[in-house]
Amino acid sequence: MKVRSVILSAAALLAATAPAMADAKTEQFVKQNANEVLNSLNNPSLSADERTALFSDYMEEFADLNAVSKFVIGKYARRFTDEEMKRYQHAFRTYALAVYENELDAYRGEEVVVQGSTDRTPRDSIVDTTIERSDGKAMSVRWRVLDRGGEYQVVDVALDIDGNLIWLAIEQQAQFLALLDRTNGSAQALIDKINGMTAKLESERR
Amino acid sequence: MKFAATAASAAILLTACASTEQSASSSNVYDPLEGWNRGVYAFNETVDKAALEPIARGYRMFTPGLFREGVRNFLSNLNQPVVFANTVLQGNPNASGDTVGRFLINSTVGVAGIFDVASTLGVAKHKEDFGQTLGVWGVDEGAYLMLPLLGPSNVRDAFGMGADRAFDPLTWTEFEDNDLDDQIRLGRVVVGAISTREQLIESIDTLREQPEPYIALRRNYTSQRRAAVRNGKIEEDPYKDLPDFDDFGGYDDESGSVPEQETE
């Protein structure tokens, strides 16, 4: 009986502490990787192309771009042909990396400070961070992290604009779905639009 | 303005006849008049590109930043009585005090509101209107509306705009010269439109680059207004409506067991 109660107590203790451990791990994951990503943009010894390549490597590891690319086209992920999906995902990946690089460039070299986290489910957490900008203003950034069998990856990022949380992938999805609905689900129309936006972003890159 | 007000009233009537069913999800925007709204949006874009945008760009090019700031401050100061009325209606005495203080300081030391001395002294600036007040009182925003020349709105905010005009002392001020009344009102509307459009140059450029500008504007306007009703505070449970990413593996599944994503 004594052994059984010890095991039960240990199990109860584990169950009680599990969420806290998951939080700490997720927070550590965001802290380490977000800082690595921002530092990759702040290496003066790298050329612009080298910087983009390093940033992209970190982002590929940090974020689940495959899942995001499917999320933002919702039901059309099942309707595109394999060939369309391949071309779309290539276009999206290039675009997403360009967007993130442009957006995060304002915070290069700054420190990401974890303020706390919330578990939506044991595998779905949101980590709340602030990033000091060089102009002294702190930006609140929330990272949605999924735990895929011990592997953490970011699937969405929210910016707090005057109390208005803007989730980038969700906003993207609303627009991509509207474009696809309007064009009878044309993968080509979406790919053309994405490539146009990427070209514009790349022309503005420092 | 009269045309816009008539159109808004017509839209409100139309909406009142439409279904009142609304989703509780914070990411949803109720837009039963989307076809009509898109038409108005296209009309506004045409007018903007032909007239307002070039004027706003010219205004930026040919006037110094300090002058434009003075114009913004002056217009903002004129609106403080409306802000004050709404802070009172929202039961926010701190904001009411700030607003009276701002108006008195900026109208005197700030030379008729041209200089924002109050901000320099640390008196907080509040931005309240009757649409927000109705929101604070729990009135639903109703259907999304695109108003001719005025841009994005909804039934509640369009009604609020009319009420705010009633709170505005300038609406009731009578000058001996009747023409002067109209000239002042018209001047304020024209200068206000140019000044506002000048401030929005970059935002509207970005909006136009989006895959679906109409959808982007509709979502952005609605979520911004909801945040304004909360006075800039994040909603209590901000993650409750997040779509589930966990179903994603299912997108590769030919059986198609994944529920369709609906965020609009």
Side-chain angles (χ1 to χ4, degrees), chain A residues 64 66-80 85 118-121 123-126 128 140 142 144-148 153-156 158 160-167 169-183 189-190 192-194 196-197 200-201, chain B residues 25-29 31 34 38 127 203 205-264:
Chain A
D64 189 350
N66 191 43
V68 178
S69 69
K70 289 177 180 171
F71 173 76
V72 294
I73 55 171
K75 62 192 176 194
Y76 291 96
R78 279 181 280 124
R79 297 183 188 174
F80 283 7
M85 195 64 182
T118 307
D119 286 341
R120 289 188 75 237
T121 70
R123 294 174 50 237
D124 185 352
S125 311
I126 285 111
D128 194 358
S140 164
R142 292 167 194 232
R144 188 169 178 194
V145 182
L146 293 192
D147 171 4
R148 298 189 190 284
Q153 278 194 304
V154 171
V155 291
D156 205 353
D160 173 6
I161 317 259
D162 298 330
N164 181 16
L165 280 187
I166 309 276
W167 289 95
I170 293 176
E171 292 309 310
Q172 200 86 77
Q173 187 198 53
Q175 293 194 57
F176 281 11
L177 288 181
L179 185 147
L180 287 164
D181 287 346
R182 189 169 53 77
T183 58
L190 181 61
D192 289 345
K193 183 70 204 175
I194 292 172
M197 294 191 295
K200 179 135 200 330
L201 283 169
Chain B
S25 165
S26 69
S27 59
N28 281 4
V29 182
D31 188 7
E34 182 169 345
R38 278 185 183 270
K127 210 175 167 196
S203 302
D205 285 350
T206 305
L207 180 72
R208 285 176 178 157
E209 289 159 13
Q210 298 300 304
E212 286 289 312
Y214 176 84
I215 302 288
L217 180 59
R218 182 172 77 182
R219 291 177 65 82
N220 195 280
Y221 173 79
T222 305
S223 57
Q224 262 186 20
R225 291 294 293 175
R226 287 173 187 171
V229 168
R230 297 191 302 270
N231 277 336
K233 289 193 189 80
I234 292 176
E235 57 190 316
E236 265 181 32
D237 187 0
Y239 309 133
K240 66 180 186 298
D241 292 324
L242 288 183
D244 201 351
F245 257 90
D246 283 341
D247 288 328
F248 258 58
Y251 280 129
D252 296 326
D253 179 2
E254 288 299 317
S255 67
S257 58
V258 179
E260 293 189 354
Q261 300 285 341
E262 294 292 349
T263 61
E264 270 287 305

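Given the structure is predicted, the values throughout are model-derived calculations rather than measurements. Letters A, B, ... mirror the listed sequences (proteins, then strands); counts begin at 1.
- Here the shortest heavy-atom pairing between B/Pro211 and A/Gln175 reads CD-OE1, 3.1 Å.
- In this structure, A/Asp128 CG and B/Ile234 CD1 are separated by 7.0 Å, a value rounded to the nearest 0.5 Å.
- Between A/Arg120 and B/Lys240, the shortest heavy-atom distance links the atoms NH2-O, 4.3 Å.
- Contact of A/Asp64 with chain B is not made at all, since no heavy-atom distance falls under 4.5 Å.
- For the atom pair A/Leu165 CG and B/Arg226 CZ, the distance stands at 13.0 Å (nearest 0.5 Å).
- Counting all heavy atoms, side chain and backbone alike, A/Ala174 lies closest to B/Ile215 at O-CG2, 4.0 Å.
- In terms of heavy-atom proximity, A/Met197 sits nearest to B/Glu209 at SD-O, 3.6 Å.
- No donor-acceptor pair closer than 3.5 Å links the side chain of A/Arg144 to the backbone N or O of B/Leu242.
- Contact of A/Ser140 with chain B is not made at all, since no heavy-atom distance falls under 4.5 Å.
- Residue B/Glu212 holds its CD atom at 5.0 Å from CG of A/Leu179, rounded to the nearest 0.5 Å.
- No more than 12 heavy atoms of other residues, nucleotides or ligands sit less than 6.0 Å from atom CG of A/Asp162.
- Considering CG of A/Asn164 and NZ of B/Lys233, their distance stands at 15.0 Å, rounded to 0.5 Å.
- Taking all atoms of both residues into account, the shortest heavy-atom contact from B/Tyr239 to A/Arg142 is OH-NH1, 2.8 Å.
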